[in-house]
Chemist: 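Right, I'll just put the structure down here and ask away after.
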Amino acid sequence: MTLVNLKDLEAHLWHAAHIITGPIDASDYKTYIFPILFFKRICDVYDEELLLALEQVGDEDLAKADMFHRIQIPESCHWKHVFAEVKDVGQALKDAFRGIELANPKLHGIFGDASWTNKERLSDELLSTLLGHFNKVNLGVACVRNDDMGRAYEYLIKRFADKANKKAGEFYTPRSIVRLMVNVLDPKVGESIYDPACGTGGMLLETVHHVKSTGSDPRLLILKGQEKNLTTEAIARMNLFLHGMEDFEIIRGDTLRNPKFLQNDQLEKFDNVIANPPFSLKEWGYDQWSNDPFARNQFGLAPKTNGDFAWVQHMFSSLKPETGRMAVVLPHGVLFRGGAEGKIRKSLLEKGHIETIIGLASNLFYGTGIPACILILQAKSEPKEPVLIINAEEIFSKGRAQNTLSNDQADEIYEIYQYQLKDYSHEKEGVARWVPFSEIEENDFNLNIARYVQKPLEEETITVEEALKDFQQKLAALEQAENELEALLIMEGFEL
């Protein structure tokens with residue numbers, strides 16, 4: 001079998017979305033395309049494993065044994081069985097998905113809850129066309145390597161987000177921003193990474209790419225994430241499986257109200273915590289947090305109608321003592337809003353937990369044009385330490401509908417961060433500096449970036465000749481205006 005070119009694979013998968021365009025809204029493409037893609041992949045991989053096992057043992061029944069397969073595919077649930085159906089195709093898909101989930105407890109709920117049997121949206125003819133399109137390409141490992149399968153999957157996530165636009169913010173963070181955050185945290189083999197608002201798993205996967213880029217084995221990472229949305233949580237699990245990862249844990253649930261990762265009835269602790277939680281969540285669980293059993297409000301209670309600092313404190317409470325670090329994307333308001341948020345910010349600063357603030361350009365995220373910032377916090381307490389503030393608002397590429405941050409630009413910001421870490425006294429004028437605690441205290445713990453790092457005003461210098469020429473031009477224009485006014489007055493009969 002020949003390898004499928006990545007670009008060809010991406011084009012093939014993207015065309016699948018065109019097949020269901022019309023009956024299915026762009027924001028729901030992911031709900032239908034991803035389960036079928038995953039279904040085809042695991043069935044083709046199963047067939048490859050079956051052939052290899054047959055060569056070894058020579059007996060088909062024995063070759064179907066669990067030991068030879070990472071995922072079990074019951075015979076009546078195989079792609080070939082469903083593809084052969086011409087009537088009630090949606091029901092056949094639904095039954096196959098259910099059968100595979102029952103045979104593989106680790107895949108429970110992974111196919112989501114799409115309405116496959118709704119023939120008004122998905123007729124038998126349309127589903128058969130969609131399955132026929134996927135059937136054109138063998139998605140086994142011999143044809144599509146794990147890396148390419150994962151990249152093609154991420155490509156689809158990005159394209160679906162572009163198509164869905166404003167509705168995409170809930171599950172997609174621009175990969176360059178994720179890259180920047182992961183580079184700053186720099187997770188190592190053997191460390192644990194937790195994303196309490198994991199979406200489609202992009203941040204967890206970026207840690208995989210990061211560790212792989214260092215020549216280490218990412219399978220030695222401990223990856224855990226929680227996601228509230230059923231479909232998105234399923235996509236995250238598919239995403240990790242399709243990247244060749246198997247030792248991970250993604251659990252569905254409301255993190256702020258019902259955190260799932262616990263040890264001895266307390267929050268589990270991690271080396272790295274990373275997230276892009278929903279901005280300024282209004283209904284976030286204020287009543288439960290008033291008496292939180294996990295003591296997450298140790299620095300204060302976030303405002304009733306804004307959960308930004310609830311996320312910060314949940315993430316901080318999930319860090320390993322002394323060694324844990326976290327990176328979180330938040331709206332700029334967390335840097336300067338007063339009241340309850342001001343008190344929480346003050347406590348974090350006094351104990352030296354806020355290490356770095358990176359201000360990003362506006363309009364980089366789906367669904368909101370407001371500028372965001374990245375906060376880097378550390379578990380260890382270093383009272384009244386300076387804070388590194390980086391103003392990266394001018395590092396971006398201008399777009400018509402939305403601005404972008406390229407990987408090179410993300411790496412440029414990371415290099416600024418790295419350079420500043422080497423020397424507390426160094427300042428990159430208008431871009432980055434270590435701000436002393438005393439200065440922050442004088443500003444009443446307001447961390448508005450412009451207060452501390454602002455691009456200097458450029459003084460305009462002109463020569464005497466240029467100034468004289470400019471004066472002469474303005475004088476000539478003034479004389480012309482006077483002449484025109486005089487002519488107008490004479491025409492109207494005024495005596496001068």
Side-chain angles (χ1 to χ4, degrees), residues 4 6-44 79-98 100 109-139 144 149 151-172 174 199-200 202 229-239 242 365-368 399-402:
V4 178
L6 177 60
K7 290 295 180 187
D8 291 341
L9 178 62
E10 289 173 347
H12 176 75
L13 296 179
W14 178 238
H15 184 72
H18 291 286
I19 293 173
I20 61 171
T21 297
I24 305 299
D25 186 77
S27 61
D28 287 330
Y29 284 170
K30 61 185 184 296
T31 308
Y32 293 91
I33 299 298
F34 287 135
I36 293 179
L37 168 60
F38 186 65
F39 180 37
K40 181 68 161 65
R41 170 69 167 186
I42 61 176
C43 287
D44 287 349
W79 174 272
K80 287 180 282 193
H81 178 84
V82 176
F83 184 66
E85 295 290 335
V86 291
K87 186 180 178 185
D88 296 332
V89 181
Q91 187 63 52
L93 267 175
K94 191 174 179 179
D95 292 343
F97 293 164
R98 178 68 178 148
I100 292 170
I110 200 165
F111 290 104
D113 63 347
S115 52
W116 297 104
T117 55
N118 183 346
K119 291 192 178 185
E120 289 185 9
R121 299 188 80 188
L122 294 168
S123 65
D124 286 334
E125 184 181 5
L126 181 61
L127 273 177
S128 294
T129 302
L130 184 61
L131 294 177
H133 178 73
F134 273 98
N135 201 56
K136 292 174 183 175
V137 177
N138 187 310
L139 296 180
V144 181
M149 190 72 250
R151 286 195 185 98
Y153 193 85
E154 288 185 74
Y155 164 84
L156 271 191
I157 292 173
K158 170 69 167 62
R159 289 298 301 267
F160 290 170
D162 287 340
K163 201 78 175 168
N165 202 359
K166 289 191 176 181
K167 294 181 181 178
E170 67 190 48
F171 71 92
Y172 186 81
T200 54
N229 181 280
L230 176 84
T231 300
T232 311
E233 176 263 342
I235 291 169
R237 289 160 61 202
M238 288 184 230
N239 204 354
L242 292 177
F365 293 82
Y366 291 98
T368 177
R400 265 192 316 176
Q402 188 162 15

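Computed over heavy atoms, backbone and side chain alike; hydrogens, waters and symmetry mates excluded.
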Chemist: Using every non-hydrogen atom in the two residues, find where L242 and M149 come nearest and quote the distance to one decimal.
Modeler: O-CB, 3.8 Å
Chemist: From Q402 CD over to F365 CZ, what is the distance, rounded to the nearest 0.5 angstrom?
Modeler: 9.5 Å
Chemist: Taking the side chain as every heavy atom from C-beta outward, state whether L139 and V4 have any atom pair closer than 4.5 Å.
Modeler: no
Chemist: Using the six-membered ring wherever Trp is involved, compare the ring planes of W14 and F160 and label them parallel, tilted or perpendicular (cut-offs 30° and 60°).
Modeler: tilted
Chemist: How many angstroms lie between CD in E85 and CG in L93, if you round to the nearest 0.5 Å?
Modeler: 10.0 Å
Chemist: If you measure from CD1 on I110 to CD on E233, what distance do you get to the nearest 0.5 Å?
Modeler: 8.0 Å
Chemist: I need the L13 CG to R159 CZ distance, nearest 0.5 Å.
Modeler: 11.5 Å
Chemist: Heavy-atom distance under 4.5 Å between the side chains of V89 and F83, does that happen here?
Modeler: no
Chemist: On a heavy-atom basis, which atom in G112 and which in L230 lie closest, and how many Å separate them?
Modeler: C-CD2, 4.4 Å
Chemist: Which heavy atom of P23 sits nearest a heavy atom of L126, and at what distance?
Modeler: CG-CD2, 3.9 Å
Chemist: Considering non-hydrogen atoms only, spot the tightest contact between G199 and A236 and give its length.
Modeler: O-CB, 3.3 Å
Chemist: Find out whether R41 and V144 are in side-chain contact, i.e. whether some heavy atom of one side chain is under 4.5 Å from a heavy atom of the other.
Modeler: yes
Chemist: Counting distance only, does the side-chain N/O of H81 pair as donor-acceptor with the main-chain N or O of A92 below 3.5 Å?
Modeler: no
Chemist: For a quick test of reading the model, state the closest non-hydrogen atom pair linking P35 to K30 and the distance between them.
Modeler: CD-O, 3.7 Å
Chemist: Are any side-chain N or O atoms of D88 and backbone N or O atoms of Q91, one a donor and one an acceptor, separated by less than 3.5 Å?
Modeler: no
Chemist: Between M238 and F38, which heavy-atom pair has the shortest distance, and what is it?
Modeler: SD-CB, 3.5 Å
Chemist: Is any side-chain heavy atom of T231 closer than 4.5 Å to one of Y32?
Modeler: no
Chemist: Atom OG1 of T200 and atom CD of E154: how far apart are they, to the nearest 0.5 Å?
Modeler: 8.0 Å
Chemist: With side chains defined as the heavy atoms from C-beta onward, is the minimum distance between K40 and N135 less than 4.5 Å?
Modeler: yes
Chemist: Flag the pair W79 / I42 as yes when at least one side-chain heavy-atom distance between them is below 4.5 Å, and no otherwise.
Modeler: no
Chemist: Output the distance between atom OG1 (T31) and atom CD1 (I24), rounded to the nearest 0.5 Å.
Modeler: 8.5 Å
Chemist: Check whether any side-chain heavy atom of V86 sits under 4.5 Å from a side-chain heavy atom of D124, and report yes or no.
Modeler: no
Chemist: Counting only N and O atoms by type, is there a donor-acceptor contact under 3.5 Å from the side chain of Y155 to the main-chain atoms of A11?
Modeler: no
Chemist: Anything under 30° is parallel, anything over 60° is perpendicular, the rest tilted; go ahead and classify F39 against F97.
Modeler: perpendicular
Chemist: Could you tell me if the side chain of I235 sits less than 4.5 Å from the side chain of Y153, heavy atoms only?
Modeler: yes
Chemist: Test salt bridge (Lys or Arg N to Asp or Glu O under 4.0 Å) on E10 and K7 and set out the steps.
Modeler: CA-CA 5 Å; E10 289 173 347; K7 290 295 180 187; 3.8 Å; yes
Chemist: Looking at K94, I'd like to know if its NZ atom is crowded, meaning that more than 12 non-hydrogen atoms belonging to other residues, nucleotides or ligands lie closer than 6.0 Å.
Modeler: no
